[in-house]
Amino acid sequence: MNWKFFILVSIVSLSACTIEKERSYEKLLAFEKGTDLEEKVVKSAHVVPTKQQLDWQKLEMTAFIHFTVNTFTDMEWGHGDESPSIFNPTELDVRQWVKTLKDGGMKMVILTAKHHDGFCLWPTKTTKHSVVSTLWKDGKGDVVKELKEACDEFDLKFGVYLSPWDRNAECYGDSPRYNDFFNEQLTELLTWYGKVDEVWFDGACGEGPNGKKQEYDWESYYNTIKKLQPDAVVAVSGEDVRWVGTESGYGRETEWSVTPFAPGATPQMQAINDELGLSATSKDLGSRAMIEKADHLFWYPAEVDVSIRPGWFYHKHEDDKVKSLTKMVDIYFNSVGMNAVLLLNIPPDTRGLIHENDVARLKEFKTYLDETFENNLCAGAQALGDKNANKAIDGDYDTYWELNELPASVVYELPEAKKMNVVMLQEYIAKGQRVERFKVEVKIDDKWQEVVTGTSIGYKRLLRFPSITSKQIKLTILQARDGAMINTFGLFNSPDILSDPIISRSLDGEVSIVAETPHPVITYTLDGSEPSAESKVYTKPFALPNGGTVKAKAFIQDFKKASGTKSQQYDICKAKWSVIDYSYKAGDFGAENAIDGNPNTMWHTPWGQDVPKHPHHISVDLGEKLALKGFTYTPRTDDNKSGTIFKYAFYVSNNGKDWKKVKTKGEFSNIKNNPVKQEIRFQRSYSARYFKFESKEGIYNEDWIAVGELGVITK
Ligand code: FUL
């Protein structure tokens, strides 16, 4: 869409009309100058999605596939100089991916056709840096084609991720040339393979020291898509779907799809956002206070992208770090259940297969969701009072209970008292997102008891509460921006999840295992095998000073019900370690916090104006000579990510004075968006008693640093 033109036309047409109840504004509403807040709020209720946005929202769960040379180099961001010959999956089977994803409840698959390293998974004519130059299928393979065919076979939608930031393309930085190159790549992807349902433009861009600065011609990219795949939605640095603002899997409690946050990455839209001080990560993107400041509102719904593992690409050392069922379910309730679409990444391994652990977890996840949602307890219920309220429990998406006088309540009477712990609410968003506050009560012993309250609803809102048994449930819509339209009210009883045990190790190497669920039996192994009823029963902490793999499982009901397996890898313990030197510290945030075994305490250098600048360093005596194969850096673990390090150097020594370089230009690739523990492995091992870690640059270009924890890899 040409936004400049569109905004102009909207202003002109709007100035000619007053608010009509049935009026709707598809994707964009431009306010007339001087519109007061009350009028703005009512109008905001009439901003509606395009058909594409609505169809996309209904998908609820979609899958991301991160696969490229990084899969083979064990990296998160490739440098662009990787030899294509390293891309050689031995058993690539896209049907296995798609079947796994379909069985896991996913409705679309989005493939990293090109990540930041520039390697293309299809035989593009734009560069040789592609599958054509690999040994895989003698250079005749095409991952995009194979995947699209499998999606068609299994009836899944298909999307492409094409990274604008390209560390390989020779023309990158020569703006007009690269824009043509990029449009050509897009054209190939959007014309060679049939229907494409989502195009994903990553906002990440680590342009840097090589001086290549590219000015992206976003408008031309959008036009290419509109011309070739008009039904596709364009996400993140696109105009249809908004990045929720974190890669943690958790959306906002109050998530407005109607927002002053301007879509897309064009300079015009950026200017609107700059003026309002908004970014994708802003906490508030839709309150009345925000609407008051805005000249425009957009339908720009949120997508929650998160990986099933800590990283986006496959890393063998993360095989036992696949998110637990508890975590996955939590993510579901905090994404799909918070008015967003979940985009779950499941990265294939070096064989070209989705790893067994991920397959098993996805299966469990889907079974859990089915068990929760297959039985809506409202089936057969009756609305007492306003019979129109039955439209919210009739199972028909397109009928809704319309409420114009607020607050308004309805009591649903179930055929019999039922045990419940989940409530589902949906607004009929084809006509806008409106509800600002609601509550749900249940009748217990003739008294109404509140079980949940909430703010926005949108396409779907799911809330959990402690199990309760009741026959009468009262829904009250307390406040909305105009008449509310509730098309679904659901009640469910989700099964308990037996939480995975929690394994921890003290500074001197003692391992403890606890369970969140009361009174389970916990068994564990130290040889990498799966714990079972026959394995050693955990009774008290045990010593593991030299590290190893602890696998534990909780059981209840005489071993009939088991938790997932929790696996924790430990390296050498830090009992003998000491800090021999460091640059600066702020207050109590001493350097010793970086090696105290507790990532929640941190070393922080002084922050603010005129403080010591990079490089900052810490030198550590390991107390003994070790064969160092790598190191780990855990950023600070609180919500604030200030001080997180992006670029670093690492040295080793045997006397604590003469330092040997191991890495001088290290980079924690995607740490800004995904601030998880970083595991860096060296090309070879170094025998050393001391290490020195040095910061070079932070993610926010600040002068100071924060370190949650540092560790070494000797295994
Ligand atoms: C980020 C990228 O830098 C990551 O590598 C990953 O692709 C994620 C989905 O988006 O911005």
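Along the sequence shown, residues carry numbers from 1. Both counts, for ligands and for their atoms, begin at 1 and track the order of listing.
The side chain to side chain donor-acceptor pair (under 3.5 Å) check on Trp243 picks up Asp305, with sequence neighbours excluded. Applying the side chain to side chain donor-acceptor pair (under 3.5 Å) test to Gln185 and every residue at least two apart in sequence or in another chain returns Lys114, Thr126.
In this structure, Thr62 and Val341 have side chains that are in contact, with non-hydrogen atoms separated by less than 4.5 Å.
Scanning the protein for heavy atoms near atom 4 (C) of ligand 1, the closest one is Asn670 ND2, 3.4 Å. Shortest contact from atom 6 (C) of ligand 1 to any protein heavy atom: His66 NE2, 3.3 Å. From the protein, the heavy atom lying nearest to atom 2 (C) of ligand 1 is Asp202 OD2, 3.1 Å.
Glu255 pairs with exactly one of Gln433, Arg461, Arg242 by the side chain to side chain donor-acceptor pair (under 3.5 Å) rule, that one being Arg242.
Using a 3.5 Å distance cut-off with no hydrogens or angles, the side chains of Tyr193 and Asp142 do pair a donor with an acceptor. No side-chain N or O of His355 forms a donor-acceptor pair with one of Asp349 less than 3.5 Å apart. In this structure, a donor-acceptor pair under 3.5 Å is present between the side chains of His116 and Ser163.
Applying the 4.0 Å criterion to heavy atoms of Glu247 picks out, from ligand 1, the atoms 1 (C), 8 (C), 10 (O), 11 (O). Within ligand 1, the atoms closer than 4.0 Å to a non-hydrogen atom of Asn673 are 1 (C), 11 (O), numbered from 1 in the order shown. The ligand atoms of ligand 1 that sit less than 4.0 angstrom from a heavy atom of His116 are 2 (C), 3 (O). Which parts of ligand 1 touch Ala204 is read off a 4.0 Å heavy-atom cut-off, strictly below it: atoms 3 (O), 11 (O). Atoms of ligand 1 lying under 4.0 Å from at least one heavy atom of Tyr161, given by number and element, are 7 (O).
The proximity of Asp305 to ligand 1, defined as any non-hydrogen pair under 4.0 Å, is limited to the side chain.
The shortest separation from a heavy atom of Phe64 to ligand 1 is under 4.0 Å, placing the residue in contact.
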